[in-house]
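Contents: one structure, followed by commentary.
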Amino acid sequence: MTIHATIDTTRNFRPKSEALALLIERGFLHQCTDLEALDAKLVEGRVTAYAGFDATADSLHVGHLLPLMAMRWLQKLDHKPILLIGGGTTRIGDPSFRTESRPMLDDAAIERNLRGIRDTVERLFDLSEGEGRMVNNAEWLDEFRFLEFLRDFGTHFTVNRMMTFDSVRSRLDAQQPLSVLEFCYMMLQAVDFVELNKRFDCTLQIGGSDQWGNIVNGVDLGRRSGNQLFGFTLPLLTTASGAKMGKTADGAVWLNPSRLSSFDFWQFWRNTADADVVRFLKLFTDLPLSEIDRLARLEGQEVNEAKKILATQVTSIVHGPEAARAAMEQGEALFSGKEDGTQPTHVLSADLLDGSLGLLSLLVRLGFAGSNSEARRLVQGNSVRVNGELETDDRRQLTRNDTREDRTLSIAVGRKRKALVQFG
RNA sequence: GGAGGAGUGCCCGAGUGGCUAAAGGGGGCGGACUGUAAAUCCGCUGGCUAUGCCUACGUUGGUUCGAAUCCAACCUCCUCCA
């Protein structure tokens with residue numbers, strides 16, 4: 001039995017529901033299992049929707065922001081979001097489009113990760129009773145007993161069909177091993193959907209484009225038990241230069257401030273390529289489309305205004321308005337030409353200046369270089385400035401004489417990485 | 001189960017006894033140009049208490065004055081046959 005998927009038919013589709021209209025307009029919709037029926041359902045009344053997230057790290061990252069924003073809009077339009085954290089499924093690992101198995105995590109690690117994720121989610125959503133919720137699928141997955149599970153759900157899945165999914169095929173075609181454990185992941189995700197439907201009347205699942213197969217499975221399983229479920233996927237986000245979005249030199253762009261500072265988070269968005277600005281404004285901010293249209297008309301240097309607004313808006317949503325403003329001011333100060341930031345970005349013990357503090361080790365300590373050798377190369381490459389002065393001596397030692405009256409010292413590597421160091 | 005092939009730095013990939021910290025490309029970083037963009041050009045890209053030392057070519061041993069390169073065993077992957 002196949003599902004009638006409407007893929008990319010959004011172009012000629014005129015949605016009647018406010019929610020779908022908005023999501024399509026802002027670029028959230030990629031594929032949907034049944035656009036018209038979903039539209040009708042959204043017009044009818046409040047719909048409960050969910051998006052699932054693995055608990056593989058103690059913070060979500062920019063890649064997760066897309067489903068989060070989609071859910072956020074739904075909540076704003078009076079629908080109900082459920083953030084499903086895969087505490088149970090994380091112990092298996094989704095094989096979708098991966099060439100290798102994921103590492104499995106133990107319960108303690110998963111528990112820790114859940115707490116970190118909650119920190120972010122709470123800022124983005126109203127999770128109060130009746131408005132939205134965050135649930136862990138371990139709640140039900142842990143309860144199943146094997147034979148019971150096979151009896152209740154195993155009969156609804158055929159290996160024949162499971163084999164046809166791209167996520168499985170790709171692994172098999174590549175002659176990579178696919179364990180039974182991973183193979184069954186899609187069953188679990190389908191069960192999640194049905195379970196959420198049973199418990200909370202959830203009828204819509206949102207996921208990344210790589211989740212299409214898993215989502216369809218859930219919708220199918222729902223139908224077998226007599227419920228019409230819906231799902232849609234989000235576009236795969238790549239930057240204008242073709243790279244997968246969300247990576248910087250230092251790795252993933254985390255949403256949790258403890259993993260990535262508000263300053264760096266703001267800078268990430270500030271550095272968006274021109275070609276991506278409008279798309280990102282639509283997807284990652286709450287700004288009305290009329291305002292985005294205005295920003296889209298900016299040309300040349302003025303585009304920078306749009307980028308600042310983008311950065312501040314996103315940071316405000318994810319880290320809060322105060323953090324966003326501080327990050328912006330800090331960025332403005334650091335890049336306005338004046339080397340001094342408005343506030344110290346690093347505080348170090350004054351004792352360090354008693355002995356000899358090598359410039360190289362300071363660069364490492366500030367995170368501007370991964371090793372002394374790398375720091376040395378930066379100095380030799382004429383990219384390091386101390387208090388605004390180009391420093392070319394890689395054996396340079398810093399002393400109290402190098403600090404200003406307020407016992408600060410500014411260090412810059414290249415044009416973008418700057419720090420104000422306070423010794424106190 | 002049998003025959004053959006492959007495992008090299010962040011990634012891809014050259015290298016069959018000293019000139020190899022290892023060609024080339026990608027990525028990344030830095031510089032010039034700019035607008036904290038894009039494009040282009042140039043430089044750098046294992047570590048260290050540094051004219052030297054240490055670590056590194058799947059793993060462990062061995063041959064040799066000297067090994068990524070030769071030998072043995074093991075591990076992993078691929079191709080063909082059964």
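Below, chain A is the first sequence line, B the second, and so on; all start at residue 1.
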**Watson-Crick or G-U counterpart of B:rC80, or none if no pair lies under 3.5 Å** = B:rG2
**Request:** Give none if B:rA37 has no partner; otherwise give the nucleotide forming a Watson-Crick or G-U wobble pair with it, both distances under 3.5 Å.
**Result:** none
**Asked** If only side-chain N and O atoms of A:S371 are considered, is one of them under 4.0 Å from the OP1 or OP2 phosphate oxygen of B:rC48?
**Response** yes
**Request:** May I ask you to verify if any side-chain N or O of A:K416 is less than 4.0 angstrom from the OP1 or OP2 atom of B:rG31?
**Result:** no
**Request:** Please check the phosphate of B:rA37 (OP1 and OP2 only) for any side-chain N or O of A:R270 closer than 4.0 Å.
**Result:** no
**Request:** For the side chain of A:L378, starting at C-beta, report the closest nucleotide among B:rC29, B:rU36, B:rG35.
**Result:** B:rC29
**Complete:** Applying side-chain contact (heavy atoms from CB on, under 4.5 Å) to A:V278 and not counting sequence neighbours gives A:K282, A:I292, A:A296
**Request:** Name the orientation class of the two ring planes belonging to A:F149 and A:F153 (parallel below 30°, tilted from 30 to 60°, perpendicular beyond 60°).
**Result:** tilted
**Asked** Considering only the C1' atoms, how many Å lie between B:rC54 and B:rG62, rounded to the nearest integer?
**Response** 24 Å
**Message:** Can you check the distance between B:rG66 and B:rG13, where both ends of the measurement are the C1' atom (answer in whole Å)?
**Reply:** 27 Å
**Message:** Just the rounded figure in Å: distance from P of B:rG35 to CD of A:E332.
**Reply:** 16 Å
**Request:** Any ring-ring contact (aromatic ring centres under 6.0 Å, His included) involving residues 402-424 of chain A? Give me the pairs, sequence neighbours left out, ordered by first then second residue.
**Result:** none
**Asked** Please give, in whole Å, the distance from B:rU49 C1' to A:L359 CG?
**Response** 17 Å
**Message:** Between P on B:rA38 and CD on A:E299, what's the gap in Å once rounded to a whole number?
**Reply:** 18 Å
**Request:** From the options B:rU45, B:rA38, B:rG30, select the nucleotide whose nearest atom is closest to the side chain of A:R377.
**Result:** B:rU45
**Complete:** Quick note, A:S383 side chain, CB onward, closest among B:rG35, B:rA37, B:rG30 is B:rG30
**Message:** So, under a plain 3.5 Å distance rule, would you say the side chain of A:Q267 forms a donor-acceptor pair with the base of B:rU36?
**Reply:** yes
**Pairwise C1' distance, B:rU51 and B:rU45 [rounded to whole Å]** = 22 Å
**Item:** Spacing between A:W269 atom CH2 and B:rG35 atom P, to the nearest angstrom
**Value:** 25 Å
**Prompt:** For atom C1', what is the distance between B:rC74 and B:rC80, given to the nearest Å?
**Reply:** 24 Å
**Gap between atom CG of A:L23 and atom CD of A:E18 - 0.5 Å precision** = 10.5 Å
**Request:** Answer with base, sugar-phosphate or nothing: what part of the nucleic acid does A:E302 contact at a heavy-atom distance below 4.0 Å?
**Result:** nothing
**Fill in**
In Watson-Crick or G-U wobble terms, with both distances under 3.5 Å, the base opposite B:rG43 is B:rC29
**Item:** A:N372 side chain, from C-beta outward: closest of B:rU36, B:rU49, B:rG35
**Value:** B:rU49
**Request:** Tell which nucleotide pairs with B:rA23, taking only Watson-Crick or G-U wobble pairs whose two distances are both under 3.5 angstrom.
**Result:** none
**Request:** Could you state the atom-to-atom distance from CD of A:E374 to P of B:rG30 in whole Å?
**Result:** 10 Å
**Fill in**
Whole-Å distance, A:N271 CG to B:rC29 P, equals 10 Å
**Asked** Say you draw a straight line from CG of A:N136 to CG of A:L83; how long is it, rounded to the nearest 0.5 Å?
**Response** 12.0 Å
**Message:** If I pick the P atom on B:rU36 and the same atom on B:rG46, what distance separates them, to the nearest angstrom?
**Reply:** 31 Å
**Request:** Can you tell me the distance, in whole Å, between the CG atom of A:L363 and the C1' atom of B:rC29?
**Result:** 13 Å
**Asked** If you round to the nearest 0.5 Å, how far is CZ of A:R404 from CG of A:L420?
**Response** 6.5 Å
**Message:** Distance check needed: B:rG47 P versus A:D394 CG, whole Å only.
**Reply:** 14 Å
**Prompt:** Using atom P of each nucleotide, how far apart are B:rG7 and B:rU16 to the nearest Å?
**Reply:** 12 Å
**Asked** Nearest to the side chain of A:S373, which nucleotide is it out of B:rU36, B:rC48, B:rG35?
**Response** B:rC48
**B:rC75 versus B:rC10 - spacing of their C1' atoms, nearest Å** = 24 Å
**Request:** Both distances under 3.5 Å, Watson-Crick or G-U wobble: report the partner of B:rG17, or none.
**Result:** none
**Message:** Reading RNA chain B from 5' onward, which residue's closest nucleotide shows up sooner: A:G414 or A:N304?
**Reply:** A:G414
**Request:** Can you tell me, in whole Å, how much space there is between the C1' of B:rA82 and that of B:rA3?
**Result:** 11 Å
**Request:** Kindly compute the distance separating NE2 (A:H319) from CZ (A:R325), expressed to the nearest 0.5 Å.
**Result:** 15.5 Å
**Asked** Does B:rU60 pair with anything, Watson-Crick or G-U wobble, both distances under 3.5 Å, and if so, with which nucleotide?
**Response** B:rA72
**Request:** Looking at every strand, decide which applies to A:N382 at a 4.0 Å heavy-atom threshold: base, sugar-phosphate, or nothing.
**Result:** sugar-phosphate
**Asked** Between A:H64 and A:H61, what is the ring plane arrangement, given parallel below 30°, perpendicular above 60°, and tilted in between?
**Response** tilted
